[in-house]
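The block underneath contains the structure these notes are about, expressed in structure tokens.
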Amino acid sequence: MDTQIRPEEKTEKVKAERPTYRPNEIEPKWQQKWQEMGANHAPDDDPRPKFYNLMMFPYPSGDLHIGHWYNFVGGDVRGRMMRMKGYNVMQPIGFDAFGLPAENAAIKRGIQPRKWTLSNIERMRVQLRTMGNNWDWEREVASCNPEYYKWTEWFFLKLYEKGLAYRAKAAVNWCPQDQTVLANEQVLADGTCERCGTLVIKRELEQWFFRITKYADRLLEHKGINWPEKTKLMQRNWIGRSEGARIVFKATAPDGQEYDMPIFTTRPDTVYGITFFVIAPEHPLVEKLTTPEKKAEVEAYVNLAKGETEIERTNAEREKSGVFLGSYVTSPFTGEKVPVWISDYVLMGYGTGAIMAVPAHDQRDFEFARKFDLPVILTYMPNDQEINADTMTESLVHEGHVVNSEQFNGLPDSPETVKKFIDFIEQQGWGKAEVNYRLRDWLISRQRYWGTPIPMIYCQNGCGIQPVPEEQLPVILPAEVEFKPTGESPLNYIPEFVNTTCPKCGGPARRETDTMDTFMCSSWYFLRYCSATYDKGPFDPELVKKWMPVDQYIGGAEHTTMHLLYARFFTMALYDMGLLNFEEPFINLFHQGTILRDSRKMSKSKGNVVAPDILVGQYGADTVRAFLMFLGPFDKGGNWNDGTEQQVGGIARFLGRVWGLVTDTVIVDTTGMNVDPKIEANVQRLQHKTIGRVTEDLEVWQFNTALSGLMEYNNGLLKIVAETPGIQASPVWREALETMLSLLSPLCPHITEELWQMLGHTTSIHNQAMPQYNPELAADPTVTVVVQINGKVRDRMEVPANVTEEEVRQAVLSSPKVEQALNGATPKKFIYIEGKLVNIVL
RNA sequence: GCCUGGGUGGCGGAAUGGCAGACGCGGUGGUCUCAAAAACCAUUGGGCUAAUCACCCGUGUGGGUUCGACUCCCACCCCAGGCACCA
């Protein structure tokens, strides 16, 4: 790429030929030099303050795409900026290497998941190096290596010891044709299997859970962390804390047997309005409460619900459906019997899987009652009007005073009233105040091969479930497996894996063949980076104390309710075990935006990735880095269209001009040239204005405007040098160029390093401090005041920066343009915003 | 459907209560060239106009607050992310 900068009308004597900008030569050169110098490594014993700059580790899907580049470049710019601010920046990289795609590849192409994954990692490692990022490769981890997953297993045992792991039944997606468990992603929108098109059903399996709900209240706190409000809000909504009461009703089965039916409600103050009960189709009492004549209808409905997704079931717009079981519940409040129905809008996973229905004051219950012609009883009445329960068209929420509720009648709708109901319920022994969460326990079992083995053993001699003794870890995942079209994990077909002995009695036993959710691997990788090769434990406690918590975490907002919640839970649990001295793993959090292609997030599994290779080959990494950061604000992402790439030319031209600006200075012989001090002041004003805005932009992650600031700076300098031959002789000019390179260096590390060396430096530009902003040098002597009349711009005036309001008023009122616009009218109001604007109201 | 964001020229975007469209792409005209490419210079929201004067319109839609609204408030429409087994 040869770049011509300006016309050849110069008067300077030229010392040498201008060197050509060849990114494909200088970029690999500097990448290698930095590696040799150890420039990317953060030493554990460095005296500077530490800064742990963490980017979410990638899944090794095969090739790095534009989305990866976008995320990692932005994170690297941040890390490099912090380095210039004087921190010992630790910026590790690794691979989240277990997961479904490796098994898909194995099934489709007959490659072993391990081999496929490791070769992907190798390829991505090479591609990652071409970005020029400040990666500390000495700390690389891959979660599929036994040295790593040994400790994932170890953490499972620790959580089990503390009573945080337990077994329970949970539904999985089951394809009856392929006889296999399917991930949600493998079930198409119409509820069929993506491989064979068969309708997928739900099947109950015994699986492992972590008790994350025990930490719900602590997770709500976000103690001492600086996270985006929207992320905290989404987590709070996801955890969904609600206060109310648990009330136990008695249901009578057709055979006369009575069963407890506990419910959770946030509105115990409406209990006198109960007209029916609804329980989930999966509720354990469904069978017992179904009368013989309703049996067929109920079974058909239960089967139908099995094929529905939770999103469908919770869709409030859907027409309500349900079946009456034939049995009744007696309300202790009124002594009356009300019917029990099943409906898919009640979920077994929330509350108790049963609700008391109060149609007058709950919209879903109201729609259900109208659909099935069930009675509606009002327990609140607005203070200013009478409402008729038979003719009302929607439920009445929080309004007025209590009615139809015996001794409670007349009370206002208020928290105190709710409290009175709860007190009464507790006195009567019918129930108690309770807090409920929407958050569910974390199901970690996967019926898959390519994951961390769950280190548990099932004794066949009667010892029950036994943990694998610590000294026997890791439970090694067999490297070679055969994928058969059956429902079980391939691990079931490896007798050497499955068959073992009971650690308690020594008798015959079987290993757990389910593996762990990959979110388990990503819940502690940030701890492993602190001492990546440590083998006496998951991490060196001293080094974790030094580096943790993470100072800056960077990753997509799509991880808000899962990974970011799991990692926090994990950290809190380890804190409680005394393994860590902090409760929150990530102090600052930033979500980069998403790069969309065809209106979807770019990802290999969606098949819409764009490869950066051609762009990088043609323009070099620095240009692609700056181009991506110039697309828009880093937290917004953007749509990648066919026209997007064409904009890269603008960045290439910009870098070419920067190259020309600096190399011109280097080759011009300035002996005996003098420079006007006024022009020097202009250069400094421009320089310090730029320092001010660009450092501020970098601070707030506005990399796009940081770049446009640098473009304007560059344009300004080019104009000055064109008008002032010989300016290169001035030390002020040289300083201005060094400012340009320093400010640009986090975005474009290679070209700035090369030019920095050309200016005669022998140390790396990346060890420089950020240029210091001097507001006095940046100050403008005059400002432009906009003159509006009734909010419309009518004139502008240039005034001294220290002008008073009275002077502005005089100047404005005597301006011919203003006089003409006023046309004799008298101003009613004169609004002056200092140094900015005047608005005359007529 | 629910939770969380977002919507500004032909395109990416700037402006967070004060000049809408910075910066860049693309377009148009020019310089250089035998020619083209590259590079450089000028110009570029729409309408009206001889005009680059003046005036009018314009930030998803409809309403509101304010001397003044892309920015704040209310309602709606559209797009994206997440919804618990993709990671």
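Here is how names work: the chains are called A, B, and so on, in the same order as the sequence lines, proteins then strands, and each is numbered from 1. Since this is a predicted model, take the numbers as computed values, not measurements.
Rounded to a whole Å, the CG atom of A:L707 is 13 Å from the C1' atom of B:rG12.
Residue A:K601 places at least one side-chain N or O closer than 4.0 Å to OP1 or OP2 of B:rG82.
You won't find any donor-acceptor pair under 3.5 Å spanning the side chain of A:N237 and the base of B:rC3, going by distance alone. For A:Q447 against B:rC85, a side-chain-to-base donor-acceptor contact under 3.5 Å is present. At a cut-off of 3.5 angstrom, the base of B:rG24 holds at least one donor-acceptor pair with the side chain of A:Q647.
Across all strands, A:S603 comes closer than 4.0 Å to no nucleic acid atom at all (heavy-atom distances). Using a 4.0 Å heavy-atom cutoff across all strands shown, A:P58 reaches no nucleic acid atom at all. As judged by a 4.0 angstrom heavy-atom cut-off over every strand, A:K792 is placed among residues touching the sugar-phosphate backbone only. Residue A:N839 is classed as a base contact, given a heavy-atom separation below 4.0 Å to a base. Looking at heavy-atom distances under 4.0 Å, A:V172 makes contact with a base.
Look at the C1' atom in both B:rA50 and B:rG58: the space between them is 25 Å, to the nearest Å.
One distance of note links CG of A:L698 with CG of A:L747; it measures 6.0 Å at 0.5 Å rounding.
When only modelled atom types and interatomic distance are considered, A:N120 and A:Y59 share no side-chain donor-acceptor pair under 3.5 Å.
Using modelled atom types, no side-chain atom of A:D178 and backbone atom of A:T180 make a donor-acceptor pair closer than 3.5 Å.
Checking B:rA15, B:rC56, B:rC19 against the side-chain heavy atoms of A:T705 singles out B:rA15 as nearest.
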